[in-house]
Amino acid sequence: MTPGIVLLLSGPNLNLLGERQPEIYGTATLDDHVATAATEAELHGLVVEHVQSNHEGVLVEAVHGARGRVAAVVVNAGALTHYGWSLHDALAAFGGPIVELHLSNPGGREPWRHTSVIAPVAAGTIAGFGGDGYRLALDAVARLLRP
Ligand code: DQA
């Protein structure tokens, strides 16, 4: 296990950030958010490894590859948050701290967004703070990893 690696997982459609519904998700791109996470991680002596996919299986395999190698996971699963049970199961088998992250506040949106299948396997959720959430999530992870 390399204690310093944090796997940042980005689910479907997050590759379109910056163009996709900017009134909800803002104008920053996914690269901008990854850079924010990496900068915060560095302050805590951590390194971010980022995987974005529009396919649930790719995210599942990224979690498998993180087992025993990566210290923690930060996951914005996009819409998979609400029904991605295979991602839930992969995360349940991860074995380290997990932080759930959203740009928007799904709890204040359509009813189908109110359920998260990620929440039961996460230490906590950061939602509704836009791009600041990436900084907050890495800070939360650093605190969870502190002995
Ligand atoms: C999201 C919220 C989800 O409901 C949505 O499907 C997304 C983005 C967020 O970051 O606010 O794709 O995870």
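When a ligand or atom number is given, it counts from 1 through the structure's own listing order. In this chain, numbering begins with 1 at the start of the sequence shown.
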Plane angle bin for His33 and Tyr134 - parallel if under 30°, tilted between 30 and 60°, otherwise perpendicular: parallel
For atom 5 (C) of ligand 1, closest protein heavy-atom neighbour: Arg113 NH1, 3.2 Å
Proximity of Arg20 to ligand 1 by residue part, where a heavy atom lies under 4.0 Å: side chain
Cluster link Ile126 to Leu8, ILVMFWY, side chain under 4.5 Å: yes
Shortest non-hydrogen contact from Thr36 toward Gly131: CG2-O, 4.3 Å
Ligand 1 contact by Asn13, heavy-atom criterion under 4.0 angstrom: no
Nearest-contact summary for atom 11 (O) of ligand 1 - protein heavy atom, Å: Ser104 OG, 2.6 Å
For ligand 1, the portion of Leu103 having any non-hydrogen atom under 4.0 Å away: both
Pairing of Arg143 and Asp139 as salt bridge, 4.0 angstrom limit: yes
Ligand 1 N/O within reach of Leu101 N/O, cut-off under 3.5 Å: no
Joint cluster assignment, Leu59 & Trp85, ILVMFWY side-chain distance < 4.5 Å: yes
Nearest non-hydrogen protein atom, atom 1 (C) of ligand 1: His102 ND1, 3.7 Å
Selection from His82, His114, Gln21 by shortest heavy-atom distance to atom 3 (C) of ligand 1: His82
Beyond-backbone contact of Thr81 with Arg113, side-chain heavy atoms, under 4.5 angstrom: no
